[in-house]
Amino acid sequence: MDDKNNSISWYFVLILISLVFLSSKNRLSVAVDTLSVGESLIGNKTLTSKGGDFELGFFRPGKSLNWYIGIWYRKVPFQYLTVVWVANRDRPLTDSSTSELKLLENGTLVLYDTSQVPIWSTSLSSSTTLSSSQVLLGDEGNLVVRDVSNASAVIWQSFDEPTNTWLAGGKFGFDKRTNKSQRLISWRNEEDPAPGIFSLQVEIKENIQLIMKWNMFNMYWASGEWNRQREAFRLIPEMRSNHIYKFSHETNDEETYFTYALYDTSIYTRFVVDLSGQMKLLTWSGQTAEWKSIWLGPNNTCDVYGVCGAFGVCHQVTMTCSCLQGFREDSSKDWSLGGSTGRCVRKAPLQCGSNVGFSRIVNMSLPPQSNISGVNSLGLCYFACADKCSCNAYAYSGSKGCSIWDGELLNLKLSDADPGGRDLYLKFSKFSLAAACAICVFGYLFSRMADQRGTMQRSLKRVKRLLIGFKHFPEDSANKKLLKGGVPNGEKPELRLYDFAGIADATNNFCSTNKLGEGGFGPVYKGKLQNGQEIAVKRLSKSSRQGIEELKNEVILISKLQHRNLVKLLGYCGQGEEDMLVYEYMPNKSLDAFSLVYSRESALLDWNKRFNIIGGIARGLLYLHRDSRLRVIHRDLKVSNILLDENMNPKISDFGMARIFEGNQTIANTSRAVGTFGYMSPEYIMGGTFSEKSDVFSFGVLMLEIVSSKRNNSFYDPEQPLNLLLHAWRLWNEGKWSEIIDEALGDSYTPSEAMKCIHIGLLCVQTRAVDRPTMSAVDLMLGSETDRPTPKEPPFASSTSSDKSRFLQIYCSNNNLTQTTVAGR
């Protein structure tokens, strides 16, 4: 009997163990809410707040293949809406099983990817001193790094760096010391927590209020000023009487901020910038298992700026988006996942000239218009738009006159009951309708020919010849010419083909006054298309021996790369012997104009701009090396290849020399080293060996040039160091690093940041490639106060006289070398 009871007991024990194992298979929760130095989260392991409301760990939103580290409501059914904070929203992980969140001895919390490369870290003040640090996930959902010996001393907290959610107890406001506002930024879509296009921030002018922006610039909604007596915003009256939360506002010499507290802390509440572009205060309903909105702004989804994208219409009754007649969705996935980055594109290109017509759309609420003075009839308004190639639509009324719209149409609304609605006349090509009819006819002929002849291939050729007879369906001869040499994996670049006559007109027939500069590829011209868009046109020089190969290489590479710090390639133009690339125009030209020795322009670059430029180049280069679909070695990083947009943000350009690394490849050799003297690494010059570390060397030279406003090859005095690298190295060793900094800055720079840049720059230009940091490490060092190793000497600081002679020839020459092993520019 005892044996039987024992066997039954063991049976239940085995069942219990199995159930525990199965329940823990999906997620293993650490029994504590803290993480100590040297400890880490990896795989399915998580931290849980003491009260059990919040959990920290790796998660994957929806059906996305990417992983993130974040905080979510633990007792709410897990979906993307329960996530309240995401650390690496710009840098997703491909695998969580070997990724690691670790607390370092210096108090830095670092997230490593599967290759143990740091992709995110907390920032520390340079003056921070710790006895021992600890990570705590608090009951309010705040992740805190604190000093163990002084628990009230917060070193870093997630409340200071919110993503799209503001939790009760957290501050949301404006830092008077840095003159910066905190921002809540929406997700891109339901499966991608990357920053979207909607944001919320505190605005301080005559009054203090909350404002919503589109793309960080266009304000489309405001809460109205804060009323301290009523403890509510003027345009959100529903805030004034509730039994759930209490809003308050505080201000002092250092900051002004809002915070809110819950009367009942057991209620799950979150303040969020939603995918819809609305600010919402939500509470969780256990009965209906959904988040319910207490109040929101703007109340009407159609009042959100650009909610339906270009040429999209918001239906105010159903609150849904659709495309205008003659347009189709270009990014339906984003719309289907709740995102607002989708847009509508024409089904057929718009022709300019006499073959245009207009379709009438009644009772539209229209975007801001430009009134045409002197046009006082519907007929004249028609011709005002028809005769202007950049015009896409017009509207006319006796009281409001004639309005025409150039470029993209945003914020179109449709409502049958809108008393202020007007008729919109949308331009289309009459030829496009004829082409559509032709397609139907040819489809019928195609099926008949296939049946009668019994061969699909022959029928297809006949239909194709008929279609080519229409201008709307040209042979893609430009693409054939461009890609004649072949493309990796058979992929064609997704680019627009521009008409040569249109490009010639945009650049005033390639007038010399429009010329922006000239490189190894050929001249670059500024242009303006008929729709008003400014462009930069790179024209292949007929005398360039390498031009066509560089052009083909650049198209193949840059059309596959998308990053805010890479220049955007818009398309290609080719006719006869002409080959051109069309880029977005950078109004501040290249960094070259701001970094010349003793240049007056260098004074226009204050320290904040310089530090931002350095960080942007680092992030762009890190994307090329690690985060893009292709692993790319640029090989020609220099000041003239760093372009600056209207906000002085840097963009890496010129990929004619770039090379792709495949698989686990880390190094390559060439018998013909190409690049620009002063930026080429020693192993590349001497042996033709290039790798990621070659680009790191060039980046180090760039950093020192940006900090000092001196060129690397600007030293000609035989009594002085050979170049900027050796000059900076000497001053660094003598403790005179401040003498490296551009005199034009005076004392208006941040010493800790400047010293950091010089230190990292010297680490990047060390002689041996193995001693140089990766761009991942550089990005981490720039963004935090992590320990940095002592730099070793740059090339030829202590070499033989023959080495120095060769170094002098290469680095201090302004002329091209004509050796077989080196081809400089």
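As the structure is a computational prediction, the values presented were derived from the model and not from experiment.
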Between atom [atom1] of [X] and atom [atom2] of [Y], what is the distance when rounded to the nearest 0.5 Å?
| X | Y | atom1 | atom2 | value |
| --- | --- | --- | --- | --- |
| L324 | N392 | CG | CG | 10.0 Å |
| D627 | M775 | CG | CE | 11.0 Å |
| L380 | C402 | CG | SG | 8.5 Å |
| L702 | I613 | CG | CD1 | 10.5 Å |
| C323 | K347 | SG | NZ | 8.5 Å |
| K538 | M580 | NZ | CE | 13.5 Å |

> Hey, mind stepping through L566 and L624 against side-chain contact (heavy atoms from CB on, under 4.5 Å) and telling me if it holds?
Replying inline: CA-CA 9 Å; L566 302 185; L624 294 176; 3.8 Å; yes

Partners meeting side-chain hydrogen bond (donor to acceptor under 3.5 Å, both in side chains) with [X] (sequence neighbours left out):
| X | answer |
| --- | --- |
| N612 | N649 |
| N514 | none |
| D695 | H625 |
| K568 | none |

>> Under a 3.5 Å cutoff, is there a donor and acceptor pairing between the side chains of T676 and D636?
In response: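 Yes - a donor-acceptor pair under 3.5 Å links their side chains.
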
>> Could you check whether R422 and Y396, counting side-chain N and O atoms only, form a donor-acceptor pair closer than 3.5 Å?
In response: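 Judged by distance alone, the side chains do not pair up.
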
>> Using the side-chain contact (heavy atoms from CB on, under 4.5 Å) definition, which of the options M364, K413, Q325 pairs with V313?
In response: M364

>> Name the residue from L637, L643, N565 that meets the side-chain contact (heavy atoms from CB on, under 4.5 Å) definition with I652.
In response: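 Of the listed options, the one satisfying the test is L637.
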
Compare all side-chain heavy atoms of [X] with those of [Y] and state whether any distance is below 4.5 angstrom.
| X | Y | answer |
| --- | --- | --- |
| I404 | Y425 | no |
| E692 | L621 | no |
| K427 | C385 | yes |
| D90 | R564 | yes |
| N588 | M648 | yes |
| Y583 | I535 | no |
| R631 | I660 | no |

Might you point out which heavy atoms bring [X] and [Y] nearest each other, and give the distance in Å?
| X | Y | result |
| --- | --- | --- |
| S199 | M216 | OG-SD, 3.7 Å |
| M586 | K651 | SD-CD, 4.0 Å |
| C344 | G312 | SG-CA, 3.9 Å |
| S640 | D592 | CA-CB, 3.9 Å |
| M680 | F697 | O-CE2, 3.5 Å |
| H634 | D654 | NE2-O, 2.9 Å |

Once salt bridge (Lys or Arg N to Asp or Glu O under 4.0 Å) is applied, do any residues pair with [X], and if so which ones, sequence neighbours excluded?
| X | result |
| --- | --- |
| R346 | none |
| K213 | none |
| D423 | R360 |

> After noting the C-alpha distance and the side-chain angles of L561 and L569, does the key distance pass the side-chain contact (heavy atoms from CB on, under 4.5 Å) rule?
Replying inline: CA-CA 9 Å; L561 303 173; L569 178 63; over 6 Å; no

>> Walk me through whether V304 and F198 qualify under side-chain contact (heavy atoms from CB on, under 4.5 Å).
In response: CA-CA 9 Å; V304 174; F198 302 113; 3.3 Å; yes

> Looking at F690, is R659 sitting on its ring face, NZ or CZ under 6.0 Å from the six-membered ring centre and within 45 degrees of the normal?
Replying inline: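 Checked: cation-pi criterion not met.
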
> Does E705 come within less than 4.0 Å of K638, counting only side-chain N to carboxylate O?
Replying inline: no

> So does K589 pair up with D645, basic N to acidic O under 4.0 Å?
Replying inline: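 Salt bridge between K589 and D645, a charged N being under 4.0 Å from a carboxylate O: no.
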
> Sequence neighbours excluded, which residues qualify as side chain to side chain contact (heavy atoms under 4.5 Å, CB included) partners of E408?
Replying inline: A310, F311, R343

> Residues two or more places apart in sequence or in another chain: which of them pass ring pair (Phe, Tyr, Trp, His ring centres under 6.0 Å) with F358?
Replying inline: Y382, Y394

>> Checking Y585 now: which residues fulfil ring pair (Phe, Tyr, Trp, His ring centres under 6.0 Å) with it, not counting sequence neighbours?
In response: none

>> Walk me through whether L570 and L581 qualify under side-chain contact (heavy atoms from CB on, under 4.5 Å).
In response: CA-CA 8 Å; L570 302 177; L581 297 180; over 6 Å; no

Please tabulate, for the side chains in residues 522-533, all donor-acceptor contacts under 3.5 angstrom to protein atoms that are two or more places apart in sequence or on a different chain.
{"from": "K526", "atom 1": "NZ", "to": "E534", "atom 2": "OE2", "distance (Å)": "3.4"}
{"from": "N531", "atom 1": "OD1", "to": "Q533", "atom 2": "N", "distance (Å)": "2.9"}

> Does R328 CZ have over 12 foreign heavy atoms under 6.0 Å away?
Replying inline: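 Above 12, so yes.
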
Between [X] and [Y] (side chain of the first, backbone of the second, donor and acceptor by atom type, cut-off under 3.5 Å), is there such a pair?
| X | Y | answer |
| --- | --- | --- |
| R188 | A194 | no |
| N509 | C511 | no |
| S698 | Y679 | yes |

>> SG to SG below 2.5 angstrom is the rule I want applied to C308 and C314. Does it hold?
In response: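 No, the SG atoms are not under 2.5 Å apart.
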
> What pairs of residues pass the salt bridge (charged side-chain N to carboxylate O under 4.0 Å, His left out) test when at least one of them lies in residues 502-514, not counting sequence neighbours?
Replying inline: none

